[in-house]
2 protein chains.
Amino acid sequence: MIFSKACEYGIRASVYIAQKSVSKERCNIKDISKEIDSPEAFTAKILQTLVHAQIIQSVKGAFGGFEITQKNLRKIKLIDIAIAIDGTLYDKTCVLGLKHCSENQPCPVHNQFKHIKKDLLCMMQNTHLLAMSTSVEAGLSCLKIA
Amino acid sequence: MIFSKACEYGIRASVYIAQKSVSKERCNIKDISKEIDSPEAFTAKILQTLVHAQIIQSVKGAFGGFEITQKNLRKIKLIDIAIAIDGTLYDKTCVLGLKHCSENQPCPVHNQFKHIKKDLLCMMQNTHLLAMSTSVEAGLSCLKIA
DNA sequence: TTTAATTCGGATAAAATTGTCCTATTTAAT
DNA sequence: ATTAAATAGGACAATTTTATCCGAATTAAA
Ligand code: SF4
Ligand code: SF4
């Protein structure tokens, strides 16, 4: 629903790393997967993708781990993570999965759905990583339940 | 994205069958999959699901096929088809895939997303099968592209 | 009654997604 | 130098989703 499992983990991991990075702390995959309740090895793979996409940074070796630059903390938005992991959103397939649909050749739900699609994209573009992490830090939201 | 492939085919097939049912025509799986551009055997499986869910009706044997009752033509909405095929929407997993999240224990995007989620659900509840089929019949929308 | 046109449903296959395991490599501390 | 703690990345396994195939059952028409 909306995102793949990989993307869900990726977003949650990013928010956790961001939270730590605000106070200049680095975190390792073991902590991350524990704190966001996700499979460790699979999450590690996803983090690699995010490193390649230059959304997060990794430091190898002892006392290494993952971190997010102060610049990215402000720059990265939800949509950047989603695109890095799930690929281009909506371009390939939309609600009814029509190939090459358009305003001229729409599916029967296009007019109802286009607003929602716009809102969703807009929301992803306006949801900043830092905002998500401060919300968690303030105890207003969480990255796992129990 | 939003729906599974199975659900996409299921919705498109339902709209096509509805379109035919308006003029009391019955259609078979060969026609359906040709007209909505979907894999025949897979679509047949999905239609079986919709028959079991009593959304469409099937008539076996020669000159048989699928049809939708006049009553269902008016009663069925997009959400009914989606639930029949993809199961309960959003209940299991939402944007960030948190288990047992709630207004009290929300993920960091809950406040931004809840409106979109409501709009989406609302749209599905208000999109009638008959409306979709008349839109296609009128040439205002289509179920396949080329 | 035979035949042809259908859906039904079980078995299976292919592909994509999700997940695990293990070794190599890197790096800081001792 | 050695060691311990990390990420990197390839190979593989499990699961889910998507898709195909085929024989059985049904039904109307010839
Ligand atoms: S809603 Fe619009 S963009 Fe999405 S599948 Fe339908 S026609 Fe295409
Ligand atoms: S948006 Fe709300 S309902 Fe959806 S996963 Fe987040 S907390 Fe749960």
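We name chains A, B, ... by the order of the sequence lines, and we start the count at 1 in each one.
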Nucleotide-resolved protein contact map, nucleotides 4-12 of chain D, B/S/- at heavy-atom distance under 4.0 Å: -BBSSBBB-

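Taking NZ of B:K45 as the start and CD1 of B:I29 as the end, the distance is 11.0 Å to the nearest 0.5 Å. Note that the OH atom of A:Y16 and the OG atom of A:S133 stand 12.0 Å from one another [nearest 0.5 Å].
Rounded to whole angstrom, the span from the CZ atom of B:F3 across to the C1' atom of D:dT18 amounts to 18 Å. Residue B:F42 contributes atom CZ, which lies 15 Å from atom P of D:dT16 at whole-angstrom precision. As a whole-Å value, the separation of B:E40 CD from D:dA19 P is 14 Å. What separates CD1 of B:I46 from P of D:dT17 is a distance of 13 Å, to the nearest Å. For the pair B:Q57 CD and C:dT6 P, the computed distance is 18 Å after rounding to whole Å.
A salt bridge links A:E103 to A:K114: one of the charged nitrogens lies within less than 4.0 Å of a carboxylate oxygen. Ion pairing between a basic and an acidic side chain is recognised when a charged N comes within 4.0 Å of a carboxylate O; B:D37 and B:R12 show no such pairing.
With a 6.0 Å radius and a threshold of 12 heavy atoms from other residues, nucleotides or ligands, A:Q54 has its CD atom at or below the threshold.
Tested against B:S23 for a side chain to side chain donor-acceptor pair (under 3.5 Å), the candidates B:E25, B:K20, B:Q19 yield a single pass: B:E25.
Of all nucleotides listed (D:dT18, D:dA19, C:dT20), D:dA19 comes nearest to the side chain of B:Y9.
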